[in-house]
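First the structure, in the form of structure tokens, and then the observations on it.
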Amino acid sequence: MDGDPELISVARDLLADAERIVVLTGAGVSAESGVPTFRGHGGLWKEHRPEELATPEAFRRDPRLVWEWYAWRRGLLADCEPNPAHRALARLALALPGRTTPVTQNVDGLPHRAAWEVAGARDPAPALPLEVHGALHRDRCSGCGSIAERPDPVDATSAAALPKCRSCGALMRPDVVWFGEALDPEVIGAAFDAAAVADVCLVVGTSALVHPAASIPSATLAGGGALVEVNVEPTVLTPAARVSVLGPAAALLPSLLDQVAEP
Ligand code: BV8
Ligand code: ZN
């Protein structure tokens with residue numbers, strides 16, 4: 001089995017003893033669902049530089065190219081399913097409602113799908129994460145901000161064919177946070193508030209390079225809490241982690257969390 005059993009046992013005890021847990025996930029938690037990460041081999045940024053596409057300037061300069069990239073990513077996601085890591089995180093949050101705050105940097109919507117799947121007839125709300133970077137499946141108007149929850153497939157073959165707002169006619173854009181854009185203060189504020197009083201911040205599958213989200217674990221450390229990391233390689237957070245378990249999230253999280261969720 002992946003992951004040092006001794007480290008998994010230490011991590012499990014820290015989580016089991018925690019009154020309040022914040023979970024911060026990054027692209028690595030969706031890797032085993034087939035969603036490419038940003039900076040790993042074969043990562044999304046390999047073909048394109050972030051500055052080239054995930055910025056408001058790029059959208060102003062060439063909205064068709066930006067929409068082509070996002071439409072391609074939406075197409076990839078259509079074939080992806082939540083993996084055992086997403087479901088283990090959903091089970092934890094549903095078992096410990098009010099004590100677990102799920103936060104994700106990802107825009108793939110997989111944690112939401114896992115929450116609905118795992119909740120069944122129960123209310124999935126405790127397992128629905130704070131999406132600090134928005135959601136790829138939603139459109140937002142670049143003019144009036146109105147939201148399209150279930151947009152039609154985007155035709156990015158020409159600028160003229162790009163989606164327009166039904167209310168004001170401005171261009172629609174993916175409802176994600178681009179580099180240089182502020183995060184929704186309510187969403188990121190709730191994440192930091194929860195992290196500041198958490199006994200444990202469980203960080204799964206992030207290189208912790210993108211701020212301000214990457215500073216969420218530091219809020220837990222500043223509040224006297226502990227950092228538990230799960231990743232396939234060390235990151236900038238590893239030195240500050242009480243325990244860092246090396247291995248793939250889909251293999252590790254069920255064994256790490258299920259005994260915490262259902263002791
Ligand atoms: C802002 C949505 C201000 C779009 C994304 C210099 C220093 C510090 C900060 C900055 C700086 N220069 C600029 C900044 C700010 C900038 C930033 O942080 N830049 C970085 C690159 C240096 N931040 C911003 O611009 C933010 N806004 O600061 O606004 C402001 C304030 C007021 C008014 C106006 C402006 C906005 C940042 C949001 C950008 N949007 N996504 C889209 O998706 O297209 S970020 C993008 O990166 C994704 O959301 C992604 O989640 C995120 C972070 O990446 P990771 O999730 O960590 O993914 P990565 O591939 O890097 O790592 C994967 C990890 O998983 C690896 O560690 C790997 O080992 C591991 N892994 C792989 N497989 C597995 C695994 N682990 C476990 N199991 C596996 N199987
Ligand atoms: Zn509009």
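Note that the structure is predicted; figures quoted are calculated from it, not measured. Ligands are counted one by one from 1 in listed order, and the atoms in each one are counted from 1 as well.
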(message) Looking at Trp69, I'd like to know if the NZ or CZ of Arg73 sits under 6.0 Å from its six-membered ring centre while staying within 45 degrees of the ring's axis.
(response)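 Because its charged atom sits under 6.0 Å from the ring centre and within 45° of the axis, Arg73 does stack over Trp69.
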If you measure from [atom1] on [X] to [atom2] on [Y], what distance do you get to the nearest 0.5 Å?
X	Y	atom1	atom2	value
Arg12	Leu7	CZ	CG	11.5 Å
Thr25	Leu89	OG1	CG	7.0 Å
Leu92	Glu262	CG	CD	9.5 Å
Ser207	Glu233	OG	CD	8.5 Å
Arg242	Asp13	CZ	CG	12.0 Å
Arg91	Glu117	CZ	CD	11.0 Å

Does the N or O separation between [X] and ligand 1 drop below 3.5 Å for any pair?
X	result
Ala54	no
Glu32	yes
Val176	no
Gly205	yes

Looking at [X] and [Y], would you say the former's side chain and the latter's main chain have a donor-acceptor pair under 3.5 Å?
X	Y	value
Arg64	Ala156	yes
Asn106	Asp108	no
Arg173	Val176	yes

(message) Need one value: angle at the Zn ion (ligand 2), Cys165 atom SG versus Cys141 atom SG, rounded to 10 degrees.
(response)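 It comes to 100°.
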List every atom of ligand 1 that sits less than 4.0 Å from any heavy atom of [X], numbering the atoms from 1 in the order shown and giving each element.
X	value
Ala27	55 (P), 56 (O), 58 (O)
Pro248	78 (N), 80 (N)
Gly26	56 (O)
Thr206	55 (P), 56 (O), 57 (O), 64 (C), 65 (O), 67 (O)
Asn106	51 (O)
Gly180	24 (C), 25 (O), 34 (C), 35 (C)
Trp178	36 (C)
Tyr70	4 (C), 42 (C), 44 (O)

(message) Could you work out, for atom 42 (C) of ligand 1, the closest of His211, Arg73, Glu233 by heavy-atom distance?
(response)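 It is Arg73 that holds the nearest heavy atom.
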(request) With atom 29 (O) of ligand 1 as the reference point, say which of Glu181, Glu229, Gln105 has the nearest heavy atom. (result)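 Answer by nearest heavy atom: Glu181.
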Check each heavy atom of [X] against ligand 1 and say whether those closer than 4.0 Å belong to the side chain, the backbone, both or neither.
X	value
Val107	side chain
Leu209	backbone
Ala182	both

(request) May I ask you to say whether Arg99 pairs ionically with Asp199, meaning some side-chain N is under 4.0 Å from a carboxylate O? (result)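 Salt bridge: no.
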